[in-house]
Structures are given as structure tokens and as C-alpha cells.
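The block underneath contains the structure these notes are about, expressed in C-alpha cells.
Just so you know, ligand 1 is whichever comes first in the structure, and atom 1 is the first atom listed for that ligand.
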Amino acid sequence: MHATHNLGYPRIGARRELKRAQEQYWRGDIDQSALRRVGADLRHRHWQAQADAGVDLVPVGDFAWYDQVLATTQMLGAVPERFLEHGAPDSLDTFFRMARGKSASGATVWPCELTKWFDTNYHYLVPEFTANTRLELNPDELLEQIAEARKLGVTPKPVILGPVTWLWLGKPAEDGFDHRSLLPRVLPLYQQLLARLAEAGVSWVQIDEPILATDLDEHWGTALREAYAALADAPVHRLVATYFAGLEDNLALAAELPVDGLHVDLARAPQQLDDVHRALPADRVLSAGIVDGRNIWRADPAPLLERLETVARARGERLWLAPSCSLLHVPVDKERESALEPAIKGALSFARQKLDELAVLRKALAEGRDAAGAEIEAAQAARQALADAPGVRNPDVRQRMEQISERDAQRGSPWAERARQQRERLRLPLIPTTTIGSFPQTTEIRRTRRDFKAGRISEADYNEAMRQEIAHAIREQEALDLDVLVHGEAERNDMVEYFGEHLAGFAFTEGGWVQSYGSRCVKPPVIYGDVSRPSPMTVEWSRYAQSLTERPVKGMLTGPLTILQWSFPRDDQPRAETCRQIALALRDEVVDLEQAGIAVIQVDEPALREGLPLRRSGHAAYLDWAVESFRIAVSGVRDDTQIHTHMCYSEFNDILAGIAALDADVITIEASRSDMELLDGFERFAYPNEVGPGVYDIHAPRVPTEEEMQDLLRAAARVIPAERLWANPDCGLKTRRWDEVRPALANLVAAAKGVRENIAA
Ligand code: GLN
Ligand code: ZN
């Protein structure tokens with residue numbers, strides 16, 4: 001028999017219980033013991049669900065408050081100095097302070113940096129390292145959870161983040177420090193930890209080293225060899241887990257580590273199974289990550305079995321079955337959904353269902369496909385029912401896709417000519433000022449939306465309320481003397497959901513929440529069918545906004561890649577194809593906005609970097625289709641219509657060529673946090689078009705001064721000629737309050753005017 005195990009279960013709870021409890025605790029509405037009770041309940045429920053589904057080894061340690069990387073950081077005692085003044089290194093309040101930057105006394109401390117976890121939309125808290133980083137093992141929480149799981153009667157398999165990936169995810173907090181040099185001090189802690197786990201009766205430990213699926217330089221390779229050599233005598237079985245991509249050139253390294261098992265991702269890299277099987281010594285466990293942990297579709301078991309059968313025979317019980325990665329990235333349980341089309345619901349598989357899929361695969365491997373015939377047929381029938389469902393294949397969309405030509409991804413003229421025509425049409429001053437799109441989402445706006453959704457107010461009343469918000473935003477911006485205005489996005493709940501709701505091919509769950517960071521969860525739309533735009537989505541709002549002012553109002557759309565990336569896409573065609581369908585739908589919207597008299601249109605692509613494959617070998621192909629989709633979306637307009645794009649909070653330097661290839665007339669891009677560091681890259685790359693580097697960090701509640709924004713603009717003007725420079729915030733303002741936004745934008749406009757006059761003089 002093949003053992004089944006799970007790499008991690010979603011911890012937020014089917015009703016987002018963990019979110020609620022944490023937020024209540026932060027507000028002071030519940031005390032710590034009440035919070036801890038909610039955590040324990042969730043763990044029990046999740047272990048029980050996994051055991052009921054027949055999972056042999058149940059993960060323990062996948063539960064974390066806020067973030068599992070931060071939990072590792074605290075378990076290893078690596079709490080940065082600035083948090084130690086306020087509390088004990090191992091206390092829960094210190095933990096939350098590292099995440100949120102607030103101390104119990106109300107004083108603010110600079111929190112740890114938040115960054116994306118590999119190529120997902122989950123964010124982790126970045127460990128900070130110096131030569132003096134304190135390191136001291138405190139495994140009590142993990143050991144307690146193991147005891148809890150035991151009491152419940154399940155076999156616990158602790159899940160820990162590996163020492164090398166933990167270091168790799170961190171950042172030096174002092175110049176020139178190479179944090180890899182901490183490894184010799186970290187390894188004894190892991191030795192102690194494994195010994196403690198053995199004492200606790202643990203047999204198998206899962207040690208996550210996802211960096212084995214990235215391009216590693218030789219130093220990190222050496223670090224991995226050293227680390228696992230140091231742990232070779234540990235008295236527990238070690239399963240090293242990799243995911244999100246294939247091992248490729250790290251295969252030999254991974255297969256030679258002196259451990260007892262290796263987990264590989266066969267959803268992202270199915271072709272690697274035979275190679276891994278051949279490379280991995282026969283006495284090791286090969287854990288096949290066969291069920292896709294990153295998407296929500298029910299698998300067709302037949303091709304998966306096809307893939308597994310030979311290796312299963314050869315390896316016998318040393319082949320284990322598992323989801324490809326932790327199920328953190330999918331919602332908890334589809335059975336809670338009551339409003340989905342039956343054909344869609346039937347074809348879905350959330351975390352709970354994925355474990356049933358594992359059980360079917362195990363049964364078929366152990367007893368033959370016939371023994372699991374009914375389940376296999378049911379899965380196939382469910383997939384077929386969706387394939388046959390209305391809207392999955394739309395002949396008009398298919399035809400249009402076939403007719404796309406290179407011309408469709410090309411503006412009429414090169415940028416210089418477009419810029420000339422746009423200058424003539426728009427007559428903007430030097431260093432024009434603008435914002436990124438959204439204005440504060442006030443409680444009134446949210447209440448109005450809730451009332452409308454619940455049927456408490458009519459559509460006419462809702463529309464009227466939104467028009468008033470737009471009129472207010474326009475008045476504010478005119479008073480501030482901004483040059484290019486926005487309508488403010490009051491009508492948008494979310495920048496992807498809004499468009500999904502207006503496009504064909506999308507479905508929405510009621511409770512399909514996934515943790516994004518801390519207590520923040522997102523509910524990604526499900527793209528199940530061909531995407532098209534039945535009718536205009538934003539045109540009336542933009543037209544109304546433009547009717548109120550002489551100044552240009554920017555149309556505001558979310559780009560094709562971002563819509564794709566922040567949804568669960570269909571798995572029966574390449575992502576590139578789905579992206580192109582979205583691009584065609586947006587193209588119609590862009591053209592309609594132009595027709596409605598909108599002269600400036602922004603198409604946001606904040607997820608462009610996040611979608612970049614982990615392996616450099618995949619970058620070019622990805623950027624090709626992602627860039628082409630953006631260009632299809634925006635290239636239907638005249639030369640004198642100005643196309644903007646916007647990006648934020650990612651590492652841009654390795655995709656500058658892709659960003660330039662978008663050929664947007666203007667890019668507004670987050671830069672203030674890094675003190676315009678970003679611009680070095682733009683200078684080296686000689687970015688050709690216009691740029692608005694953000695000069696106002698909208699994530700901090702403070703109001704930036706005119707002077708500091710002038711300094712940032714001057715720094716920018718040294719790199720980007722003033723004729724190609726814009727002044728704007730880092731990102732949208734929806735999370736801020738008007739009493740912060742108003743003075744900040746007043747300072748921003750004053751700063752731009754100051755620099756402008758200086759240059760003119
Ligand atoms: N236009 C969006 C806004 O202003 C952009 C948000 C984003 O970049 N994530 O909110
Ligand atoms: Zn942004």
C-alpha cells in the first residue's frame with residue numbers, strides 16, 4: 001500500500017474563523033486564551049477532516065498565527081532587536097508585533113517586511129539577519145501541537161521550514177552581511193529540534209526546501225549539502241519537500257541529500273517523475289505530489305494513474321501520494337457552496353475534496369483501476385459535464401481568437417509619434433500629476449454596496465450614490481489642482497472581482513476564501529469558460545466622471561494578466577490562451593472608453609511580476625504571452641489616446657525588458673519605499689516611454705511632506721528626463737482616509753509645481 005500524506009491544510013477555517021479571532025484579539029475584544037482556543041479548535045477540526053479522508057500522515061505545524069515563515073523565525077528565536085524592548089522573544093504579542101508593527105502600549109515599531117511567497121499571492125514576513133542575529137530554539141508550540149494531535153488519535157507528521165530555505169527567504173539587515181554565514185549557527189538548532197521531535201515519538205518530519213525548485217547558485221547548493229549532512233544522524237525520518245516547479249538541474253543535488261524521502265511537485269512538473277524515480281536511491285521514499293494544490297479543479301484520475309503506475313510497481317510502498325504542495329493556496333471545502341451551477345460545482349475540488357482524490361488514486365494503485373472504477377468514472381463524468389456546460393466553449397470567442405494577428409498587438413505609430421499627438425491633445429504641464437485610480441473606500445461606500453447586494457436599496461439608488469461619490473472625487477481633485485483625474489473606483493469591491501462579475505466565463509464562490517497575508521483573505525473568481533464581455537463594464541462611470549470636468553479623466557481597467565493571476569483559471573487549456581481571451585474582452589472596453597471621449601486609459605498589471613515562472617528558463621515564454629495579451633488589450637485605440645499601466649510592490653529589475661515591451665505610453669510604478677532605487681534599473685535599461693515613479697508611500701498612514709516628495713522627484717529627474725516624468729502616489733488610495741489623502745496630495749501637487757518651476761527657470 002502507498003501511504004498518503006498532506007503537506008499542509010488551509011488554516012483560516014471554512015468560515016474564516018482564524019481571521020475573525022485574530023482581529024478580535026488585536027482590537028482587544030477577546031483575550032489570548034480565547035484566541036488560542038479558536039486556534040486549537042481549528043487544528044482539531046482540520047486534523048479530524050484529514051484523518052476521516054484516510055490521510056495516513058497528518059501535518060502538524062502547518063497551523064500558524066499570521067504566517068508560517070514568521071512562526072519559524074520565532075521558533076528559532078531570531079527576533080530582531082527592535083521588538084525585544086517591548087516583550088519576550090517567544091511571546092505571542094511579540095509575534096504579532098513583528099507582523100503588524102504595533103505594540104500593546106500603542107507605540108509603533110517598524111514591522112517586518114511582507115513579500116510574496118514564491119509565485120503565489122500568499123505573503124510571508126521576511127526574516128532579518130545580522131551578524132548578531134539571536135538564535136535560540138523554542139519548540140514548545142510545535143511540541144504542544146504534536147501532543148494535541150496524538151490525543152486525537154492521528155499520526156502527526158511535523159512540517160517545518162528547512163534551514164536553508166529559511167535563510168534564503170531572509171534579508172541582511174546590515175550592508176554587506178552575507179546571511180548564509182549564519183548556517184553553522186542555525187544547524188545545531190535544527191539538530192536539537194529533530195532530537196526533540198524524536199523524543200516526542202515522531203517518526204517522519206517534513207522539511208520544506210522549496211528553493212530546490214528555483215535556479216540556485218553553487219553557494220546555496222553547498223549550503224543545502226552542508227545542512228543535510230549535519231542532520232544526517234537525526235533520530236527521525238526526514239522527508240525533504242519541494243514544490244511549485246520541477247527540480248531540473250537540482251535533481252542530482254536533491255537525490256543525493258542524506259535524507260529518507262523526497263517530495264516533488266508533479267502538478268507543475270509532471271515530466272520529472274521518471275527522472276526522480278531513477279535518481280533517487282531505491283531505499284528512499286518518493287512522495288509524488290500528484291493532486292494539484294494550486295488550483296481548484298477535480299482531477300481526471302486516469303492520466304494521473306498512467307503517470308504513476310510504473311513507478312508505483314517499481315517502488316512499492318516507497319511511493320507516497322500527496323497533493324503537489326500545501327493546500328494553503330486553495331479554499332477549504334466546496335460542499336459549503338450552495339449557489340454554484342451544478343456543472344461547475346461538480347468539477348471543483350477544494351482542500352477537503354483533494355484528499356478524497358488521493359484516496360481514489362491510492363485505491364486504484366493498490367487494487368487496480370477496476371476497484372476504483374466508480375470513483376474514476378464519477379470524476380470523468382464531472383469533468384465532462386463541465387466541458388459540455390453552456391458558456392465553456394463560445395464559438396464567437398474561438399473564432400476571434402483564431403483571427404488575432406500581429407497587427408492587433410501593435411499601436412498605430414511608435415511612441416515618439418504617439419507622444420507628440422497626445423501632447424497636442426492633452427496639453428499637460430511638465431511633470432503632470434495624477435493618482436493611481438482608487439480613492440478612499442469609506443464605510444458609507446461599503447455600506448451602500450452591502451445594502452445593494454442584499455436588496456435593501458434599488459439599483460437606481462445605488463447608481464445615484466456612486467455618482468455622488470464620483471462627483472465628490474472629481475471636486476476634490478480639481479480643488480487639489482491635479483492634472484489627470486480619476487473617477488475613484490467607488491463602485492469596485494475589488495479590482496479583479498469587479499471585472500469578473502461583468503465578464504462571461506467567470507463564476508463566484510460564496511466562501512472560497514484563501515489566505516493572502518495575516519488575517520487578509522481573498523476570494524479568487526473561478527474562470528470556467530470562454531471569456532467575453534457581454535456589455536460595457538466601466539464606460540458609464542467614466543463618461544459621467546468626464547462630463548463633470550474639463551480636465552482629462554483616466555479610464556481605469558485591470559489588465560488581462562492580473563485578472564488571470566488573481567483568479568483560479570480553467571485547467572483544460574493553457575493559461576496563455578485564457579489570458580488572450582481576457583485581453584480581447586478588455587480590448588472592447590478600451591475602444592468603447594475611447595469612443596466615449598476618454599483620452600487617457602490605465603490598464604493595471606500589478607501581478608505581472610508575480611506570474612513570472614520560478615525558473616529563468618521559463619521567463620521568456622511567459623513574458624511573451626503576458627506582454628502580448630496586454631498589447632492586444634490596449635492596441636485598438638488611436639495614437640492620440642494615452643495608455644497608462646501601473647505596477648507595484650514587486651521586484652521589477654528582472655522584468656524591465658518585459659515592462660518596456662508593454663509599450664504603454666506611461667507607466668506609474670511604486671518606488672518611494674526603496675527611495676527611487678528602482679530608477680537605477682530604469683536608467684540602466686534606458687526605459688523609453690514616460691514614467692511616474694511613486695513619490696507617496698500609500699501603505700503608511702503618515703502624510704509625506706512637500707519637501708521629501710520634491711527630493712524624490714529631483715532624484716527621479718536625474719534619471720528620467722523631465723519631459724517624460726510624472727508625479728503620482730505609489731498605488732491606489734482606497735485603504736487610506738480622506739483626511740490623510742487630501743494633505744498628502746496637496747503636498748504632492750506642490751512638490752511637482754516646485755520642481756516644474758525650477759526646471760523652467
Ligand atoms: N487602480 C487600482 C487602484 O487604484 C490599482 C490597485 C493596485 O495596483 N493593486 O486601487
Ligand atoms: Zn498598485
Side-chain angles (χ1 to χ4, degrees), residues 114-116 121 123 433-442 445-446 449 466 469-470 473-474 476-477 482 484-500 516-517 520 522 524 537-538 541-542 545 553-567 586 589-590 593 598 600-611 630 633-634 643-652 655 659 662 664 666-674 678 691-700 726-738 740-741 744-745 748:
L114 202 60
T115 261
K116 283 188 177 157
N121 191 19
H123 303 64
T433 54
T434 190
T435 63
I436 306 305
S438 56
F439 276 115
Q441 282 264 332
T442 58
I445 295 177
R446 281 199 295 263
R449 183 160 46 241
M466 291 303 122
E469 290 297 337
I470 290 172
I474 297 289
E476 292 275 359
Q477 294 172 89
L482 285 152
V484 174
L485 313 192
V486 295
H487 79 286
E489 302 182 27
E491 79 289 3
R492 299 188 191 171
N493 36 1
D494 171 275
M495 64 184 292
V496 170
E497 196 173 349
Y498 180 82
F499 289 94
S516 172
Y517 61 89
R520 187 171 153 75
V522 293
M537 307 183 280
T538 66
W541 301 124
S542 284
V553 176
K554 261 196 285 195
M556 194 60 60
L557 305 173
T558 303
L561 195 277
T562 299
I563 292 180
L564 178 81
Q565 188 68 20
W566 290 349
S567 303
L586 289 170
E589 186 74 9
V590 170
L593 282 168
I598 303 299
V600 183
I601 300 167
Q602 177 175 312
V603 178
D604 292 323
E605 284 290 25
L608 183 68
R609 174 62 177 76
E610 175 195 311
F630 179 88
V634 301
I643 297 294
H644 289 217
T645 189
H646 165 73
M647 276 167 220
C648 47
Y649 305 105
S650 345
E651 180 53 59
F652 296 111
I655 55 161
I659 293 177
L662 297 176
V666 182
I667 179 169
T668 55
I669 191 161
E670 170 258 328
S672 73
R673 279 231 188 147
S674 60
L678 156 95
V691 189
V695 291
Y696 160 17
D697 174 8
I698 61 95
H699 277 85
W726 287 64
N728 46 263
D730 270 339
C731 193
L733 299 164
K734 67 172 164 226
T735 58
R736 298 262 66 93
R737 295 191 318 252
W738 273 108
E740 298 160 343
V741 162
L745 290 179
L748 185 143

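- Within the protein, the number of N/O/S atoms found under 2.8 Å from the Zn ion (ligand 2) is 3.
- With a 4.5 Å cut-off on side-chain heavy atoms, Q477 and T435 count as touching.
- No donor-acceptor pair under 3.5 Å is formed between the side chain of R609 and the backbone N or O of F652.
- Taking the six-membered ring where tryptophan is involved, the planes of W726 and H644 are perpendicular, since the angle between them exceeds 60° and thus also 30°.
- Contact of the W541 side chain with the E489 side chain is not registered, since no non-hydrogen atoms from C-beta on lie closer than 4.5 Å.
- One distance of note links CG of L748 with CG of N728; it measures 7.0 Å at 0.5 Å rounding.
- Scored by the ring pair (Phe, Tyr, Trp, His ring centres under 6.0 Å) test, H646 finds no partners at all (sequence neighbours excluded).
- Partner Q441 forms a side chain to side chain contact (heavy atoms under 4.5 Å, CB included) with one of K734, E469, R736 and no other, that one being K734.
- Contact of the K554 side chain with the S542 side chain is not registered, since no non-hydrogen atoms from C-beta on lie closer than 4.5 Å.
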May I have the N/O to N/O pairs between ligand 1 and the protein that fall below 3.5 Å, each with atom names and distance to one decimal?
| unit_1 | atom_1 | unit_2 | atom_2 | d |
| --- | --- | --- | --- | --- |
| ligand 1 | 1 (N) | I436 | O | 3.1 |
| ligand 1 | 1 (N) | E489 | OE2 | 2.9 |
| ligand 1 | 1 (N) | D604 | OD2 | 2.7 |
| ligand 1 | 4 (O) | I436 | O | 3.4 |
| ligand 1 | 4 (O) | S438 | N | 2.9 |
| ligand 1 | 4 (O) | S438 | OG | 3.1 |
| ligand 1 | 8 (O) | H646 | NE2 | 3.1 |
| ligand 1 | 10 (O) | S438 | OG | 2.8 |

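- With sequence neighbours excluded, the residues that form a side-chain contact (heavy atoms from CB on, under 4.5 Å) with E610 are K116, N121, Q565, W566, A607.
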